[in-house]
Amino acid sequence: MPELPEVETTRRGIAPQIVGRRVRDVRIYDRRLRQPVPANLERLLQGRRIDAVERRSRYLLFRMDTGTLLVHFGMTGSLRAYAKLPARVPHDHLDIVFDSGVALRYHDPRRFGLVLWIPAQSPTHPLLAELGPEPLEAGFNAKDLQRALRGRTAAIKLALMDNRIVCGVGNIYANESLFRARIRPTTAAGRVSRARLARLVEEVRATLTEAIASGGSTLRDYVDSEGTAGSFQLSYCVYGREGLPCRVCGTAIRAVRQGGRTSFYCPRCQRR
DNA sequence: AGGAAAACCTGCGTGC
DNA sequence: TGCACGCAGGTTTTCC
C-alpha cells in the first residue's frame with residue numbers, strides 16, 4: 001500500500017482516535033514480518049499512553065514516555081482503526097486495543113513490513129539514521145538536491161527513490177513527479193540542471209500534497225484507517241498507463257525497467 | 001564505491 | 001479448470 005501519502009493518510013486517520021489513550025491489551029497472532037515482532041511487545045505497550053503519532057519517511061512512530069513503537073507497511077501492510085474488531089482474516093498480524101475501546105489492527109500479506117520497539121533512551125535507530133530530508137519540508141530544495149546529485153551517473157528516477165537523497169518517494173510518485181517536471185526518468189541525475197531540479201522539487205511537493213488530499217492511492221487493497229479507499233490513482237498521468245495516450249500530448253506512454261521497478265514516461269513530454 | 005541484481009513474501013491477472 | 005509465469009505501493013543484501 002504505502003508511499004508517503006498513504007502512510008500520512010493513515011497517520012491522520014489514526015492519531016485523533018488514540019492520542020492520549022492508554023493501551024489496554026495487545027494481541028499478537030503472527031510475528032513473522034521483515035524482522036520478528038518483539039517477543040515482549042505486549043509487556044512494553046501494556047498500560048502506556050500514546051503521546052503523539054508522527055511520521056518520518058514511510059515510518060509511523062507512536063510516541064510513549066518509555067519509547068516509540070515503529071511501524072512500517074512494506075508493500076502490503078496496513079493499519080486500521082476499529083470501534084469493534086471484526087473477525088480475523090488471514091494475514092492479520094496483531095491488534096492493539098485502547099482504553100477507549102478503539103483498536104488498531106495490523107495486516108500484511110507479503111510480510112515486508114515492520115513492527116519494532118525503540119526504547120526512549122536509545123540513540124537514533126539505524127532505520128531512521130540515514131534518511132534524507134522530508135519531501136514536504138524545507139530541507140528538500142534545489143540547492144541541496146543539486147549538491148547531493150553532483151557527479152552522479154545513476155538515473156534521476158533511482159535518485160528520487162533513494163531515501164538518503166529524499167525520503168518517502170516511491171515508484172508511483174517518482175514516475176508522476178518526473179512527468180509533471182518533464183524530466184525523463186533515465187536521465188543521469190548529475191546532468192539535470194539546477195532550474196530543472198527546482199521544477200522537480202516543486203512537482204514532487206505538489207504531487208504528494210494532492211495525493212494526500214485525495215486520501216492516497218488504492219491499487220489493489222489499500223484503504224485508510226477507516227477502511228475508505230483513496231482516489232489519487234484516478235489522477236495518474238503515467239503510472240500503469242503503458243500504451244495509453246499521454247494526457248497532455250496524446251503520445252503513447254512508454255514503460256522501461258529501472259532498478260527492478262517499472263518506470264513510465266511520455267517520450268514527447270519528457271525528452272531529457 | 002557506485003550501481004545493478006537478487007532476495008525477502010503472497011496474491012492476482014494473463015495466457016496457454 | 002488448472003497451471004506456469006510475471007508482476008506488484010519497499011528495503012536490504014549481495015555481487016560485480
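Naming convention: chains lettered A, B, ... in sequence-line order (proteins, then strands); numbering from 1 in each chain.
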Result block: side-chain N/O donor-acceptor pairs under 3.5 angstrom for residues 113-122 of chain A, not counting sequence neighbours:
from: A:Ser122; atom 1: OG; to: A:Pro119; atom 2: O; distance (Å): 2.7

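- In this structure, the CE atom of A:Met75 is 15 Å from the P atom of B:dC12, given to the nearest Å.
- Residues A:Gln146 and A:Arg194 bring a donor and an acceptor atom of their side chains to less than 3.5 Å of each other.
- Within the nucleic acid shown, A:Gly170 comes within 4.0 Å of sugar-phosphate atoms alone, with no base atom in reach, counting heavy atoms only.
- C:dG10 atom P lies 14 Å from atom CD of A:Gln258, rounded to whole Å.
- For the C1' atoms, the distance from B:dG3 to C:dG9 is 23 Å, rounded to whole Å.
- Nucleotides B:dG11 and C:dT12 have their C1' atoms positioned 23 Å apart, rounded to a whole Å.
- Comparing the P positions of B:dC12 and C:dT11 gives an interatomic distance of 23 Å, to the nearest angstrom.
- The side chain of A:His91 contributes an N or O atom lying less than 4.0 Å from OP1 or OP2 of B:dG11.
- Contact annotation: A:Thr262 side-chain N/O to C:dA8 OP1/OP2 distance is under 4.0 Å.
- Under the salt bridge (Lys or Arg N to Asp or Glu O under 4.0 Å) criterion, the residue pairs touching residues 35-51 of chain A are A:Arg31-A:Glu42, A:Arg48-A:Asp65, A:Arg49-A:Asp51, with sequence neighbours excluded.
- Taking atom CZ of A:Arg32 as the reference point, atom P of B:dC9 lies 9 Å away to the nearest angstrom.
- Atom-to-atom, OH of A:Tyr173 to P of C:dG9 comes out at 12 Å; the value is rounded to the nearest Å.
- Annotation: side chain to side chain contact (heavy atoms under 4.5 Å, CB included) contacts of A:Asn163 (sequence neighbours excluded): A:Ser57, A:Arg58, A:Leu131, A:Cys167.
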*Could you write nucleotides 11-16 of chain C as a row of B, S and -, 5' to 3', where a protein heavy atom under 4.0 Å of any base atom gives B, of only sugar-phosphate atoms gives S, and otherwise -?*
BS----

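- With sequence neighbours excluded, the residues forming a side chain to side chain contact (heavy atoms under 4.5 Å, CB included) with A:Ser235 are A:Phe232, listed by chain and number.
- With the 3.5 Å cutoff on both pairing distances, Watson-Crick and G-U pairs in DNA chain C assemble into runs of at least 3 at B:2-8 with C:10-16, B:10-16 with C:2-8.
- The base of B:dC9 sits with one of its N or O atoms less than 3.5 Å from a complementary donor or acceptor on the side chain of A:Arg110.
- Taking A:Thr153 as the reference, nothing meets the side chain to side chain contact (heavy atoms under 4.5 Å, CB included) condition, with sequence neighbours excluded.
- Counting to the nearest Å, the P atom of B:dG11 and the CZ atom of A:Phe112 are 12 Å from each other.
- As rounded to whole Å, 14 Å separates atom C1' of B:dA7 from atom CZ of A:Arg111.
- There is no side-chain donor-acceptor pair under 3.5 Å between A:Glu176 and A:Thr207.
- Proximity note for A:Leu158 (side chain, C-beta onward) versus C:dG10, B:dT10, B:dA4: the nearest is B:dA4.
- In this structure, CG of A:Leu33 is placed 17 Å from P of C:dG10, rounded to the nearest angstrom.
- Remark: A:Tyr59 pairs with A:His72 by the ring-ring contact (aromatic ring centres under 6.0 Å, His included) rule, at least two apart or across chains.
- Salt bridge present: A:Asp25 and A:Arg27 bring a charged side-chain N and a carboxylate O closer than 4.0 Å.
- The aromatic ring of A:Phe73 does not sit over the base of C:dG10; the criterion of centres under 5.5 Å apart with planes under 30° is not met.
- Taking atom CG of A:Asn175 as the reference point, atom P of C:dG9 lies 9 Å away to the nearest angstrom.
- A:Asp95 and A:Tyr29 share a donor-acceptor pair across their side chains, judged by distance under 3.5 Å alone.
- Applying the ring-ring contact (aromatic ring centres under 6.0 Å, His included) test to A:Phe62 and every residue at least two apart in sequence or in another chain returns nothing.
- When heavy atoms are screened at a 4.0 angstrom cut-off, A:Arg164 is found touching no nucleic acid atom at all.
- Sequence neighbours left out, not one pair with a member in residues 240-262 of chain A passes salt bridge (Lys or Arg N to Asp or Glu O under 4.0 Å).
- Annotation: side chain to side chain contact (heavy atoms under 4.5 Å, CB included) contacts of A:Arg268 (sequence neighbours excluded): A:Cys249, A:Thr251, A:Cys266, A:Arg271.
- Separating the P atom of C:dC7 from that of B:dA5 is a span of 14 Å, rounded to the nearest Å.
- A heavy atom lying under 4.0 Å from DNA chain B marks the following residues of residues 144-157 of chain A, by number: A:Arg152, A:Thr153, A:Ala154.
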